[in-house]
Engineer: 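For reference, the structure I am asking about is given below.
Here is the naming used below: chain letters follow the sequence lines, and residue numbers restart at 1 for every chain.
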There are 2 protein chains.
Amino acid sequence: MDMEKHTTASIFETLRDRICLLDYPPGTILREAALAKEFGISRTPIRAVLQRLEHGSLVTVRDGVGTIVTDLDRAELNDIYEMRLKIAELIGVLSPRKITPADETLAIGLLKRARQLVTNYSASEYWQINHAQHALIADLIGNSVLREVWDQLYYRSARFWYREASNTPDGVVQDLVAELGEITRAFRARDTVAVGYIQRNFIAFSFARLKSALNPDQPTS
Amino acid sequence: MDMEKHTTASIFETLRDRICLLDYPPGTILREAALAKEFGISRTPIRAVLQRLEHGSLVTVRDGVGTIVTDLDRAELNDIYEMRLKIAELIGVLSPRKITPADETLAIGLLKRARQLVTNYSASEYWQINHAQHALIADLIGNSVLREVWDQLYYRSARFWYREASNTPDGVVQDLVAELGEITRAFRARDTVAVGYIQRNFIAFSFARLKSALNPDQPTS
DNA sequence: ATTGAACATGGTGCATACATCAATACCCAT
DNA sequence: ATGGGTATTGATGTATGCACCATGTTCAAT
């Protein structure tokens, strides 16, 4: 029984998170009828949601087949991360919002939560902290276009690093703690440019980690 | 009588161009039923097209009211152009495709067409040349994510400069000729980085022109 | 045994009727 | 004359039946 009132926005977020959290692994075929039945509505609004997901490059709809969760190939990984590296540097440049004490408080809270991950790891908690950190920084971006691109690339890259976090949580959690520590420091100094560069650096670290995971060893002749 | 076979992709391009060419001025209310009747199909595929346009920030769909062509306010102009300036610099940086003799030939052809605009101005021809130039350069971009963003921001900015071109065609056409001249030179040198910087510069020129058009005079105390 | 086409099945794409929402005009009370 | 609640109108949002497409299967011919 579903007592909740599912709106198209909430369904979109639900499906998006299922894809990002690899609950729907790449290649999964989603059926409109099944989703419609699950959420207790008709196929029409489901189709609208799937179209939005397709715009975000998370799925591709194929006539007569179904809606297929997109694959994670290496070329796309490179393209997304190359862009995120460059986009991050713009965060503090394109007329950002001023950092407030409330922001600082939120960052400190996230840092504390992240530190607890070191001893008690939980994939769901890791995801939620990342999510909150992303929202916190996206809210600083003054340029609306930059914020949209930043947001979309975040969700498009999420599956890559979430899978890596599940495989080898140790290093990933250490990075998250370090990142939030630096962000807290930058927030204390009210330095938005620093926030952008911190993001750039940790995206680069994550990128390196993912690449070495795909290339376990250097090829030997 | 419509003998052509309208596909959703062609309808999307048609409506997009109507918005960009100010055939549908900002504030215009589009009715799904009217569009469905015009293209000889039902409301369902029309709604899909309108959703795509909304994703591109060209319209907003309001329940019970209609689909409204978005307004051109100054804040959005600033955000879009700030981003385009930064994005343009990445064209030659993020693994671009090699420039070929065929590209050079196309650029020279566009330059010739642009020169004819100086004596015989035509708004439609101006639009088509800009369109072809955009496609030519977008095709050089190797990073798929960058290409998508570049493409979307082009169409999002189109209405601003198209309106300016209609108001004062002279300076705009001169800029176009100069831009295509420099692009041709960069193509001859097979220098993709130069292409990106040329784009950046002429976007900046256009930006300055638009800002001065919105601020006819400096405010006097 | 293998290959080929015809067919059965289950999916998305489309068309249409109905439900719901927003704006406006209207009418009655003041 | 005016103000506010109500009815009306026409829009988008939703549900559902049908058409078309893709895919796997089956059966016959070689």
Engineer: Starting at the 5' end of DNA chain C and moving along, which residue's nearest nucleotide shows up first, B:Thr44 or A:Ala33?
Structural biologist: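 Final value for this comparison: A:Ala33.
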
Engineer: Have a look at A:Leu50 and say if it touches a base, only the backbone sugar-phosphate, or nothing, with a 4.0 Å heavy-atom cut-off.
Structural biologist: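 No contact at all - A:Leu50 keeps every heavy atom at 4.0 Å or more from the nucleic acid.
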
Engineer: Starting the side chain at C-beta, find the nucleotide from C:dA15, D:dA22, D:dA15 nearest to A:Ser42.
Structural biologist: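 Ranking C:dA15, D:dA22, D:dA15 by closest atom to the A:Ser42 side chain puts D:dA15 first.
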
Engineer: Is a donor-acceptor contact shorter than 3.5 angstrom present between the side chain of B:Arg43 and the base of D:dG13?
Structural biologist: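 Checked by distance alone, the answer is yes.
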
Engineer: Rounded off to whole Å, could you give me the CD-to-P distance for the B:Glu32 and C:dT16 pair?
Structural biologist: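 Whole-Å distance recorded here is 15 Å.
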
Engineer: Considering only D:dA15, D:dT23, D:dT12, which nucleotide approaches the side chain of A:Val65 most closely?
Structural biologist: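 Nucleotide nearest to A:Val65's side chain: D:dT23.
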
Engineer: Looking at NZ of A:Lys98 and CG of A:Leu140, how far apart are the two atoms once the value is rounded to the nearest 0.5 Å?
Structural biologist: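 It is 11.5 Å, given to the nearest 0.5 Å.
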
Engineer: A:Ile68 CD1 to C:dG11 C1': how many Å, rounded?
Structural biologist: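 Atom-to-atom, A:Ile68 to C:dG11, this comes out as 11 Å.
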
Engineer: Write down the distance between CG (A:Asp63) and P (D:dA19), rounded to a whole number of angstrom.
Structural biologist: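 Computing the A:Asp63:CG to D:dA19:P distance gives 16 Å.
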
Engineer: If only atom types and distance count, is the side chain of A:Arg97 paired as donor or acceptor with the main-chain N or O of A:Asp139 below 3.5 Å?
Structural biologist: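 At least one qualifying donor-acceptor pair exists.
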
Engineer: Answer with base, sugar-phosphate or nothing: what part of the nucleic acid does A:Ile46 contact at a heavy-atom distance below 4.0 Å?
Structural biologist: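 Result for A:Ile46 = nothing.
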
Engineer: May I have the distance from A:Ile41 (atom CD1) to D:dT16 (atom C1'), rounded to whole angstrom?
Structural biologist: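 In whole Å, D:dT16 C1' lies 14 Å from A:Ile41 CD1.
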
Engineer: Examine distances only and state if a side-chain atom of A:Ser206 and a backbone atom of A:Phe202 form a donor-acceptor pair shorter than 3.5 Å.
Structural biologist: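 Side chain of A:Ser206 to backbone of A:Phe202, a donor-acceptor pair under 3.5 Å: no, none is there.
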
Engineer: With a sphere of 6.0 Å drawn around CZ of A:Arg62, does it hold more than 12 non-hydrogen atoms of other residues, nucleotides or ligands?
Structural biologist: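 Count not over threshold, so no.
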
Engineer: In whole angstrom, what separates A:Lys37's NZ from C:dG11's P?
Structural biologist: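 Going from A:Lys37 (NZ) to C:dG11 (P), I get 12 Å.
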
Engineer: In whole angstrom, what separates A:Arg62's CZ from C:dT12's P?
Structural biologist: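 The answer, rounded to whole Å, is 12 Å.
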
Engineer: Return the nearest nucleotide to the side chain of A:Arg31; candidates are C:dG11, D:dT12, C:dA22.
Structural biologist: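 Out of C:dG11, D:dT12, C:dA22, the nucleotide with an atom closest to A:Arg31's side chain is C:dG11.
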
Engineer: Rounded to whole angstroms, how far apart are CD1 on B:Ile29 and P on D:dG10?
Structural biologist: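 Taking atom P of D:dG10 as the reference, CD1 of B:Ile29 is at 14 Å.
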
